[in-house]
Visitor: 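Can you read through this structure? Questions will come right after.
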Amino acid sequence: MTTAVAQDRLTQRFEKWDTNGDGALELADFQEEARRIAEAFAKDSSSPETRNLLNAFTGLFEYLATQAGVGKNGSLSEEQFRAVTERLIFQEGEASFNRVMRPVIKGVIGMCDDNHDGQINGDEFAIWLGAVGVDKDEARAAFDQIDTSGDGQLSTEELLAAVRSFHFGKLNVPLLG
Ligand SMILES: [Ca+2]
Ligand SMILES: [Ca+2]
Ligand SMILES: [Ca+2]
């Protein structure tokens, strides 16, 4: 039911989020990932933006752990991670995905929303993709693809749709690295 690209992307996601590389996902991995992202945006570890992102990643881990039935202090194997995320991304539909991922996306928006309007303009997006390691030309092309309303701004909803599209293999820019 899911494509090979979609499968690969979940494997990449698992490996990226397993920050200590022990083959399982724990809360500490997700907190480290939040810290890494904050560092890539040159945000202080005690800044409110970093705290928001830490809370968002903590919430995401708690969701996955609860769904996998391992508890908040437990860990998820790759198989468990796949089972939970495949259900979320490919079966439950957009509303569930958005509910789970919105805090994380908002957290990353907070990292680069320099003019504090809650949306991401072209300059802010270049900083975002720079932080996750995507080059400038690619960033420009991706911006137009993600800005489905065509207003020159990326909203939370447009960015959520883009992360979902990435996992469906319909967009090639890894917004979460
Ligand atoms: Ca780990
Ligand atoms: Ca902005
Ligand atoms: Ca837009």
Side-chain angles (χ1 to χ4, degrees), residues 10-38 40-43 47-50 52-54 56-85 94 98 101-132 134 136 139-166 170-171 173 175-177:
L10 286 181
T11 300
Q12 282 167 25
R13 174 66 63 221
F14 179 88
E15 286 169 359
K16 175 135 208 305
W17 281 351
D18 178 18
T19 54
N20 69 359
D22 68 351
L25 300 180
E26 310 91 36
L27 178 59
D29 286 327
F30 278 51
Q31 292 181 332
E32 180 58 24
E33 176 65 7
R35 278 190 283 269
R36 266 195 201 175
I37 294 173
F41 283 104
K43 291 283 181 204
S47 69
E49 292 87 359
T50 302
N52 283 342
L53 195 67
L54 267 169
F57 268 93
T58 300
L60 177 60
F61 178 78
E62 288 176 356
Y63 169 83
L64 295 171
T66 303
Q67 292 295 309
V70 300
K72 292 171 187 178
N73 298 314
S75 67
L76 283 85
S77 66
E78 183 170 349
E79 206 178 317
Q80 288 171 317
F81 173 73
R82 272 181 179 285
V84 172
T85 49
E94 201 167 346
N98 288 358
M101 290 305 294
R102 187 174 282 112
V104 171
I105 293 299
K106 275 189 179 285
V108 182
I109 290 172
M111 291 278 144
C112 55
D113 181 18
D114 289 334
N115 65 3
H116 303 288
D117 65 354
Q119 303 214 78
I120 298 299
N121 64 30
D123 291 341
E124 292 164 345
F125 192 60
I127 293 167
W128 179 326
L129 290 192
V132 298
V134 174
K136 274 207 167 67
R140 210 160 292 133
F143 189 92
D144 294 336
Q145 256 185 300
I146 297 168
D147 180 19
T148 49
S149 72
D151 66 351
Q153 298 273 356
L154 305 182
S155 64
T156 305
E157 301 310 308
E158 286 171 334
L159 288 159
L160 279 165
V163 172
R164 234 177 135 241
S165 293
F166 175 75
K170 288 191 257 177
L171 182 85
V173 179
L175 291 176
L176 294 175

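Read the numbers this way: they start at 1 and go in the same order the structure lists the ligands and their atoms. Quick note: residue numbers are just sequence positions, from 1.
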Visitor: Looking from the Ca ion (ligand 1), what is the angle between OD1 on Asn20 and OE1 on Glu26, to the nearest 10°?
Guide: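 So the angle at the metal works out to 90°.
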Visitor: Taking the Ca ion (ligand 3) as the vertex, what is the angle from OE2 of Glu158 to O of Gln153, given to 10 degrees?
Guide: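 Result: 130°, to 10°.
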Visitor: Rounded at 0.5 Å granularity, tell me how far CG in Asn52 sits from CZ in Phe57.
Guide: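 CZ of Phe57 is found 12.5 Å from CG of Asn52.
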Visitor: From the N, O or S atoms in Asp151, identify the one nearest to the Ca ion (ligand 3).
Guide: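 The atom in question is OD1.
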Visitor: To the nearest 10°, how many degrees is the angle Asp147 OD1 to the Ca ion (ligand 3) to Ser149 OG?
Guide: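 Result: 90°, to 10°.
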Visitor: Kindly say whether Asn20 contributes a backbone atom to a donor-acceptor pair with the side chain of Glu32 at under 3.5 angstrom?
Guide: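 Such a contact is absent between Glu32 side chain and Asn20 backbone.
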Visitor: Scan Asn121, Ile146, Leu175 and name whichever one has a side chain to side chain contact (heavy atoms under 4.5 Å, CB included) with Leu154.
Guide: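 Output: one option passes, namely Ile146.
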Visitor: Could you tell me the separation between the CG atom of Asp147 and the CD atom of Gln119, rounded to the nearest 0.5 Å?
Guide: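 Reported to 0.5 Å precision, the distance equals 9.0 Å.
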Visitor: Regarding Thr19, does it place an N, O or S atom less than 3.0 Å from the Ca ion (ligand 1)?
Guide: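 No, outside the cut-off.
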Visitor: Angle at the Ca ion (ligand 2) between OD1 of Asn115 and OD1 of Asp113, to 10°?
Guide: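 An angle of 80° at the metal.
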Visitor: For the Ca ion (ligand 1), does an N/O/S atom of Ala24 lie at less than 3.0 Å?
Guide: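 Of the N, O and S atoms in Ala24, at least one lies under 3.0 Å from the Ca ion (ligand 1), which means yes.
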Visitor: Taking the side chain as C-beta and beyond, is there a heavy-atom pair between Asn98 and Glu157 under 4.5 Å?
Guide: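 The answer is yes, as the side chains (C-beta and beyond) meet within the 4.5 Å cut-off.
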Visitor: Considering just N/O/S atoms, say which atom of Asp22 is closest to the Ca ion (ligand 1).
Guide: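 Going through the N, O and S atoms of Asp22 one by one, OD1 ends up nearest to the Ca ion (ligand 1).
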Visitor: Could you label the plane-to-plane angle of the Phe30 and Phe61 rings as parallel, tilted or perpendicular, counting under 30° as parallel and over 60° as perpendicular?
Guide: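 It falls in the perpendicular class, over 60°.
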Visitor: Check all N, O or S atoms of Asp29 and name the one closest to the Ca ion (ligand 1).
Guide: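 It is OD2, the N, O or S atom of Asp29 closest to the Ca ion (ligand 1).
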Visitor: Please tell me if the side chains of Arg102 and Thr156 come closer than 4.5 Å, counting only heavy atoms from C-beta onward.
Guide: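 With C-beta onward as the side chain, the pair touches.
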Visitor: With rounding to 10 degrees, what does the angle Glu124:OE1 / the Ca ion (ligand 2) / Gln119:O come to?
Guide: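 My answer is 80°, to the nearest 10°.
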Visitor: In Asp18, what N, O or S atom is nearest to the Ca ion (ligand 1), if we give its atom name?
Guide: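 Nearest N/O/S atom: OD1.
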Visitor: Tell me which N, O or S atom of Asp117 sits nearest to the Ca ion (ligand 2).
Guide: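 Nearest to the Ca ion (ligand 2) within Asp117's N, O and S set: OD1.
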Visitor: Measuring only between side-chain heavy atoms, which start at C-beta, is Phe14 closer than 4.5 Å to Thr85?
Guide: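 No, too far: nothing below the 4.5 Å cut-off.
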